[in-house]
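Quick note on labels: first sequence line is chain A, next is B, and so on, each numbered from 1.
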Protein chains: 2
Amino acid sequence: MNVLEKIINSVNSFSKSERKVADVILANPQTTIHSSIAALAKMADVSEPTVNRFCRRLDTKGFPDFKLHLAQSLANGTPYVNRHVEEDDGPEAYTAKIFESTMAALDAARQNVDILTINRAVDVLTQAKKISFFGLGASASVAHDAQNKFFRFNVPVVCFDDIVMQRMSAINSAEGDVVVCISHTGRTKNLCDIAAIARENDATVIGITAYDSPLAKECTLVLSLDVPEDTDMYMPMASRVAQLVLIDILATGFTLRRGTKFRENLKKVKDSLRGSRFDKKDFQN
Amino acid sequence: MNVLEKIINSVNSFSKSERKVADVILANPQTTIHSSIAALAKMADVSEPTVNRFCRRLDTKGFPDFKLHLAQSLANGTPYVNRHVEEDDGPEAYTAKIFESTMAALDAARQNVDILTINRAVDVLTQAKKISFFGLGASASVAHDAQNKFFRFNVPVVCFDDIVMQRMSAINSAEGDVVVCISHTGRTKNLCDIAAIARENDATVIGITAYDSPLAKECTLVLSLDVPEDTDMYMPMASRVAQLVLIDILATGFTLRRGTKFRENLKKVKDSLRGSRFDKKDFQN
DNA sequence: AGATAAGTTGTAATTAAATTACAGAGACGC
DNA sequence: GCGTCTCTGTAATTTAATTACAACTTATCT
């Protein structure tokens with residue numbers, strides 16, 4: 001984890017003076033990396049050893065080492081920390097914040113995701129007789145997107161956002177079928193039912209959901225994404241982007257597993273769209 | 001210019017000893033940033049002042065300052081570049097690559113996006129009598145998602161992924177209505193038609209599409225996202241994530257514009273879902 | 001409420017690191 | 001071959017960072 005995020009995360013565990021240091025650093029990170037420990041201590045109105053202790057608390061070897069880490073954090077422009085949108089943010093501010101929070105969320109997801117489970121999920125998907133994607137509410141569009149991707153692979157794939165259709169589909173599933181249930185919270189009752197029904201009918205159930213949730217318990221395989229969500233907005237945002245990226249990963253794993261010849265097929269699918277589109281040349285001149 | 005590049009570029013203008021220093025640094029940059037000037041001098045088999053002079057020659061204030069710059073160069077090097085998935089990538093490799101490419105794409109989008117247009121789009125949306133989201137193929141799920149978001153705002157919103165429905169809806173649009181057309185390439189003929197029809201019927205048409213595309217030409221307002229796409233995969237991936245984030249931004253702008261009271265409403269919508277879900281406490285123990 | 005222990009912070013001493021000043025060695029022109 | 005200019009290293013100096021210790025604050029238990 002990057003030092004800046006670390007500071008923000010552990011701001012509660014700091015003592016009063018350490019917090020002063022944290023505030024000064026967060027307010028002028030650029031200045032900090034070019035300051036001596038004495039200068040920073042003065043700015044924060046604390047003693048030099050306090051600054052040093054602060055650095056050590058963040059698992060760095062000391063002040064110079066801390067500066068190095070800070071410099072690296074700062075190197076990525078403004079680093080991707082989860083910044084919350086505020087009441088009086090202008091368009092510039094909220095646009096930047098949402099982009100950055102989303103990137104921060106993806107970064108977090110990348111670090112938490114379990115590669116082994118991904119690999120097993122790809123295994124299962126490549127061998128599936130039929131793939132079904134189920135989601136409700138915001139997750140329905142993720143399911144939709146997954147369908148669109150896997151449909152290109154010329155495998156039997158369905159997607160329902162209607163619980164009755166989902167239920168019927170789940171009941172009709174059989175061994176070799178794969179059901180992918182998508183839910184951020186994993187607490188949507190209807191979807192848990194669907195997962196249970198599918199399992200009872202010998203389908204393999206992959207859950208894209210929170211670890212240890214009721215839905216997770218019903219699944220054969222759980223792909224969990226620990227994503228920090230800005231709950232102030234009351235809308236699923238980052239979580240759903242992470243889900244989509246996960247779908248991309250599964251789809252990519254799928255195509256790689258199927259080999260070169262298969263990917264030529266993908267090109268054909270893409271080319272088939274040409275008729276429905278204006279030609280690039282027609283308007284570019 | 002970053003220090004590492006600078007070293008490589010000016011390797012000719014170095015003296016014999018300075019060159020020794022450069023070689024050692026280029027060979028183990030990671031070690032360098034954690035070494036003292038004494039240690040580095042020993043590694044390069046030169047004296048400490050030589051190392052110091054070397055640092056000064058690269059326009060840094062001294063050795064510690066040089067390390068800071070070097071640390072930043074190293075941090076900038078790897079992260080979030082658009083790395084293409086290769087034939088023989090394992091799950092670990094392609095997972096990392098897709099996450100990183102997506103983040104790189106978002107970073108690019110963030111820099112290219114036009115804040116003014118976003119602000120105007122938010123303006124238009126807040127004043128809309130009715131909002132329609134139209135997309136086809138992969139963009140259909142983005143439209144779907146947008147509908148899900150704006151529906152929470154208790155404004156009349158529709159979303160169709162069926163061209164006939166889209167067409168009928170466009171023909172029935174009137175002044176004060178906003179139609180949002182989503183297409184990565186902006187070359188989907190049907191969608192261009194829809195945009196034209198909507199405009200003819202006095203609706204405001206917002207395009208989430210490529211700049212200067214046929215679709216863009218039919219729109220009142222164009223939100224373009226310049227996103228580098230990995231065309232080897234023949235699937236829209238990063239582009240669609242960027243579109244979603246843009247939707248998040250519009251939705252956020254919308255809620256901010258509507259004020260605090262309105263956001264309490266959002267909470268109500270979210271709370272209304274509680275009945276359909278398992279309680280958190282029920283399974284967490 | 002008072003006493004004790006745990007944790008926090010600052011002062012002063014110490015140590016480590018980096019820089020400067022200076023002198024010797026090597027290269028080059030005359 | 002001599003003088004000059006540049007390069008490089010040694011030693012001294014300065015600066016910065018860390019440690020050790022003492023004073024103080026805060027919480028806890030009787």
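- Atom pair Phe66(B):CZ and dA17(C):P shows a separation of 18 Å (rounding to whole Å applied).
- Proximity of Ser47(A) to the phosphate of dT11(C): no side-chain N or O atom is located under 4.0 Å from OP1 or OP2.
- Each salt bridge (charged side-chain N to carboxylate O under 4.0 Å, His left out) pair with one or both residues in residues 27-52 of chain B, not counting sequence neighbours, would appear here, but there are none.
- In this structure, of dG10(C), dA17(D), dT8(D), it is dG10(C) that holds the atom nearest to the side chain of Val46(A).
- Using a 4.0 Å cut-off between charged side-chain N and carboxylate O, Arg110(A) and Asp107(A) make a salt bridge.
- When distances are taken from the side chain of Glu48(A) to each of dT18(D), dT19(C), dT8(C), the shortest belongs to dT18(D).
- Taking the side chain of Pro49(A) as heavy atoms from C-beta on, and the options dA21(C), dA17(D), dA20(D), the nearest nucleotide is dA20(D).
- For the OP1/OP2 pair of dT8(C) and a distance below 4.0 Å, the side-chain nitrogens and oxygens of Thr50(A) include no atom meeting the criterion.
- At dT6(D), none of the side-chain N or O atoms of Ser15(B) fall inside 4.0 Å of OP1 or OP2 (strictly under the cut-off).
- Note on residues 12-35 of chain A: pairs passing ring-ring contact (aromatic ring centres under 6.0 Å, His included), not counting sequence neighbours, are Phe14(A)-Phe54(A).
- When distances are taken from the side chain of Ser36(B) to each of dA17(D), dA18(C), dT8(C), the shortest belongs to dA18(C).
- Between the side chain of Thr60(B) and the backbone N or O of Cys55(B) there is at least one donor-acceptor pair closer than 3.5 Å.
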Would you tabulate the pairs of protein nitrogen or oxygen atoms and nucleotide nitrogen or oxygen atoms of nucleotides 21-25 of chain D closer than 3.5 angstrom?
none

